[in-house]
2 protein chains.
Amino acid sequence: MNISTRFAVAIHILTLIDSNKDGKSTSEWIAGSVNTNPVVIRRLTGMLNKAGLVEVRPGVAGAKLTRSAADITLLQIYRAVNAVEEDSLFSVHEHPNPDCPVGKNIAGAIVPVFSLAQKAMENVLQEVTLDQIVHQIPVS
Amino acid sequence: MNISTRFAVAIHILTLIDSNKDGKSTSEWIAGSVNTNPVVIRRLTGMLNKAGLVEVRPGVAGAKLTRSAADITLLQIYRAVNAVEEDSLFSVHEHPNPDCPVGKNIAGAIVPVFSLAQKAMENVLQEVTLDQIVHQIPVS
DNA sequence: CTGGAATGTAACTATTATAGTTGCATCTGG
DNA sequence: CCAGATGCAACTATAATAGTTACATTCCAG
C-alpha cells in the first residue's frame, strides 16, 4: 500500500496559503485548486491547525501559516496529517508461533531494521522545507 | 497507511526455510510458524518463486532457497512481494487544477522529494541481507 | 444585532487493499 | 496409481481512504 494523499494535499494547501498572502484562503478556494471537496480541505486544515502549522478559526474566512514557510519542514506536515504512525510504516504479522524459534524471534530481528528504514525516509522529509517547494512554483 | 505484512511474512518464510535445510519446508509447516493459513504462504512462496529467490514446484513438498542467505537482501524480498510499487510509496492527488499555478506545478515539485525519500528507505533494506536476520535467531 | 458566509464535524457512501478461507484442479514421487 | 503436495480461483470480512451531504456553530460587516 501507499501513504495517503493527505500528505501531498496538505503540502499543496500550505503552498497555496503561502503564495496567497494577500487574498483569503478559504476552504472553497483551496478546494478549487486541489480539485476536491471543501470538506476534505477543512479536515486537513483542522489537522494542520492542531499541529500548530496553520491558523484557522470557525466563522473566520481564510487560513494562515503560523510561521515562515522556511520554518516548516515536510516532516512536520507529514506528522501533522498522520501520514504514517510512529514506527509503523512496515506492518508485522501479529501472532507468530511462540513455540518456534523463528516465530518467537522474528519480530525482534526485523523491527529494528524496519525502524531504521522508516527513519531514513523521514530524515529526507526533515531536510526539505515548505519554501523549497514554494520556490518551485512559477510566480504567476 | 502502511506496508503490507506480506513483506514481514516473506522474511519470516525465508528465514524458516534457511534454518530448516534438513527438513521439508511445506506450506503447512511454514503456516504453523507464521500462524496463518497455508494458502497465504503459498501465495507468497509463489511470488518469491517468480522473483527467483525460492524454488518450489507443484506436487513437490518443500520450498528451498535458490542461493545463500548472504546473497539475498531485504530489498529483493520487498520487491518480490510487491511491498511498494516503484516510486509510489507516497500517493499524489490526481487532478489538481491546471489553471492554478500551484495546482499545475505542485506534482512536479513534490514528486522528486517523495522519490528521494522512498529511495533512502529502500537503500537501508538493500544493505541488510537475509543471513543477518537468520543470525539473530537462536540456534534452537 | 442580525444575516450571510465561513468553519467544524458527524454520518454516510463508494472504492480499494489486505488477509483469511474453502474448494478443487494439477502435479509428482514412492 | 494414489497420497500428499502446490497452484489458483473465488469468496468473505475488515479497514482505510476520499468524497459527499447536512447541519450546528462562529464571526464580522453593515
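Any value given below was found using the heavy atoms of this structure, including those in side chains, with hydrogens, waters and symmetry copies removed. Within every chain, numbering begins at 1; the chains are lettered A, B, ... in the order of the sequence lines, protein sequences first and strands thereafter.
- Residue-level contact check: A:Val40 touches the bases, meaning some heavy atom is under 4.0 Å from a base atom.
- Atoms CZ (B:Arg42) and P (D:dA9) sit 14 Å apart, rounded to a whole Å.
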- Query: Going through the checks in order, is the side-chain contact (heavy atoms from CB on, under 4.5 Å) test met by A:Lys119 and A:Leu116?
  - Reply: CA-CA 5 Å; A:Lys119 286 212 193 320; A:Leu116 280 178; 5.7 Å; no

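- Using a 30° and 60° split on the angle between ring planes, A:His12 and B:His93 fall in the tilted class, from 30° to 60°.
- Protein atom CE of A:Met47 is 13 Å distant from nucleotide atom P of D:dA16, rounded to whole Å.
- To the nearest angstrom, C1' of D:dT6 lies 13 Å from CD1 of B:Ile17.
- No hydrogens or angles considered: nothing links the side chains of A:Ser115 and A:Gln118 as a donor-acceptor pair under 3.5 Å.
- Proximity of B:Ser4 to the phosphate of C:dA19: a side-chain N or O atom is located under 4.0 Å from OP1 or OP2.
- Between B:Ser91 and B:Val39, the one whose closest nucleotide on DNA chain D sits nearer the 5' end is B:Val39.
- Look at A:Thr36 and you'll find a side-chain N or O under 4.0 angstrom from OP1 or OP2 of D:dG19.
- Atom CG in B:Asn37 sits about 12 Å away from atom C1' in C:dG23, given to the nearest Å.
- For B:Leu44 and D:dG7, the CG to P distance is 12 Å, given to the nearest whole Å.
- The distance from atom CD1 of B:Ile41 to atom P of D:dA5 is 15 Å, rounded to the nearest whole Å.
- Between the P atom of D:dG4 and the CH2 atom of B:Trp29 lies a distance of 20 Å, rounded to the nearest Å.
- With rounding to whole Å, A:Arg43 atom CZ is found 9 Å from D:dT20 atom C1'.
- Linking Ile, Leu, Val, Met, Phe, Trp and Tyr whenever their side-chain heavy atoms come within less than 4.5 Å puts B:Ile110 and A:Leu65 in one cluster.
- Toward the 5' end of DNA chain C, the nearer of the two residues B:Asn82 and B:Gly59, judged by each one's closest nucleotide, is B:Asn82.
- Between the side chain of B:Arg57 and the base of D:dG7 there is no donor-acceptor pair of N/O atoms closer than 3.5 Å.
- You'll find the side chain of A:Gln76 reaches within 4.5 Å of the side chain of A:Thr73, heavy atoms only.
- Between A:Thr5 and D:dA18 there is a side-chain polar atom (N or O) within less than 4.0 angstrom of OP1 or OP2.
- The shortest distance between the side-chain N/O atoms of B:Ser27 and the OP1/OP2 oxygens of D:dT6 is below 4.0 Å.
- Map A:Ser25 and B:Val60 each onto its nearest nucleotide of DNA chain C; the residue landing nearer the 5' end is A:Ser25.
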